[in-house]
Amino acid sequence: MVMNHVIPWSTIGVVIAWYSSNIGVLLLNKYLLSNYGFKFPVFLTTCHMTVCSLFSCALSVTDVVPLQRVRSRGQFGKIVGLSVVFCFSVVCGNVSLRYIPVSFNQAVGATTPFFTALFAYAVSTKREAWVTYATLLPVVTGVVIASGGEPSFHLFGFVICVSSTAARAFKSVLQDILLSSEGEKLNSMNLLLYMAPIAMMVLLPATLLMERNVIWITIDLARKDIRIFWYLLLSSSLAYFVNLTNFLVTKHTSALTLQVLGNAKGAVAVVVSILIFKNPISMIGMLGYALTVIGVILYSETKKRYSRN
């Protein structure tokens, strides 16, 4: 007897919302920082963290995500450390969008597993099989090829994007080490609840120091074009919903499904960005990105297979 497995509409809706928020915030940030001419990535990130803090506090009083409390000063100190790395990663990611296309940004971002494996090897006792490490070769090779074939290559933008990717990987490794005990583990939404306000407090003085008069410039800009206010609000709201929908997709699907959807999401973002911004692309660059994605898939599958053994 053959049974048809029907995917619930709620799961489909959550996946669509996840894709929309992820790709939406990426494209809107690119438009703001590059096309629109709003050249204040640190302030943009501060706006993101402010809205994330407000939404997280509002969500904490509902039953959507069970509240997990910080139990010790030591645990809070670890969260502060993660918040600083988180800040650095997000700011660098936004800065890179000023200089490089979304398509190239995604190609570099796909190398996250390489940096994760590198940091896990360097700062912990976690070791993978040599075959697993071998699958990282096409990941790196793909980005090298994509960089060489990228018509809009910008060295500073590339370096900052690599820094963002490395910091994101370092945060995940650090999180596994620092919040490894059962009493200290936090789900992604509760971690955001505590990290976002800390990140906001770190970013506010950084904004005032690095982007002086940005608040008055933004107010003056809003008087001439009120759309900037709505752009910043929408971008910040989408940044929060990226985290919320990621949490819900994890809840509604398996880890393998999430992995497959994540790989596909990057490819969709590349196609949509090229259609919207019409940035020049090369066949070599696309082949490099494809090789990186294949490497990521091979790494994920090999890691899963050998971890079972």
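Not measured: the values here are computed from a predicted model. Numbering starts at 1 and runs along the sequence shown.
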**Q** So, does Thr302 use its side chain to make a donor-acceptor pair with the main chain of Tyr299 at under 3.5 Å?
**A**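 Between the backbone of Tyr299 and the side chain of Thr302 there is no qualifying donor-acceptor contact (under 3.5 Å).
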
**Q** Is it the case that the ring center of Tyr31 lies less than 6.0 angstrom away from the ring center of Tyr231?
**A**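 Ring centres of Tyr31 and Tyr231 closer than 6.0 Å.
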
**Q** Look at the side chain of Lys30 and the backbone N and O of Leu97, then say whether any donor-acceptor pair between them is shorter than 3.5 Å.
**A**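 Such a contact is found between Lys30 side chain and Leu97 backbone.
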
**Q** Mind telling me whether Phe104 and Phe158 have parallel, tilted or perpendicular rings, with 30° and 60° as the class edges?
**A**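 Rings of Phe158 and Phe104: parallel, under 30°.
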
**Q** Short question: side chain of Ser96, backbone of Gly93 - any donor-acceptor pair under 3.5 Å?
**A**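 Answer holds: yes.
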
**Q** According to side-chain contact (heavy atoms from CB on, under 4.5 Å), who are the partners of Ile215, at least two apart in sequence or on a separate chain?
**A**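 With sequence neighbours excluded, Ile215 shows a side-chain contact (heavy atoms from CB on, under 4.5 Å) to Phe43, Leu208, Ile219, given in chain and number order.
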
**Q** Check whether any side-chain N or O of Asn243 sits under 3.5 Å from a backbone N or O of Ser188 as a donor-acceptor pair, and report yes or no.
**A**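 Flag not set: sc Asn243 to bb Ser188 has no pair under 3.5 Å.
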
**Q** Out of curiosity, Thr250 OG1 to Met189 CE, how far, rounded to the nearest 0.5 Å?
**A**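 Reported to 0.5 Å precision, the distance equals 11.0 Å.
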
**Q** Quick check on the hydrophobic clustering: are Met210 and Phe88 connected, directly or via other members, by side-chain heavy-atom contacts under 4.5 Å?
**A**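 No, because Met210 and Phe88 fall into different hydrophobic clusters, even though each may have its own neighbours under 4.5 Å.
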
**Q** May I ask you to decide if Leu82's main-chain N or O and Gln175's side chain share a donor-acceptor pair within less than 3.5 Å?
**A**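 Not confirmed, Gln175 side chain does not pair with Leu82 backbone.
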
**Q** Are Tyr36 and Ile276 in one and the same hydrophobic cluster, where Ile, Leu, Val, Met, Phe, Trp and Tyr link if side-chain heavy atoms are under 4.5 Å apart?
**A**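 Yes, same cluster.
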
**Q** Using 30° and 60° as the class boundaries, would you call the ring planes of Phe156 and Tyr99 parallel, tilted or perpendicular?
**A**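 If you compare the ring of Phe156 with that of Tyr99, the planes turn out perpendicular.
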
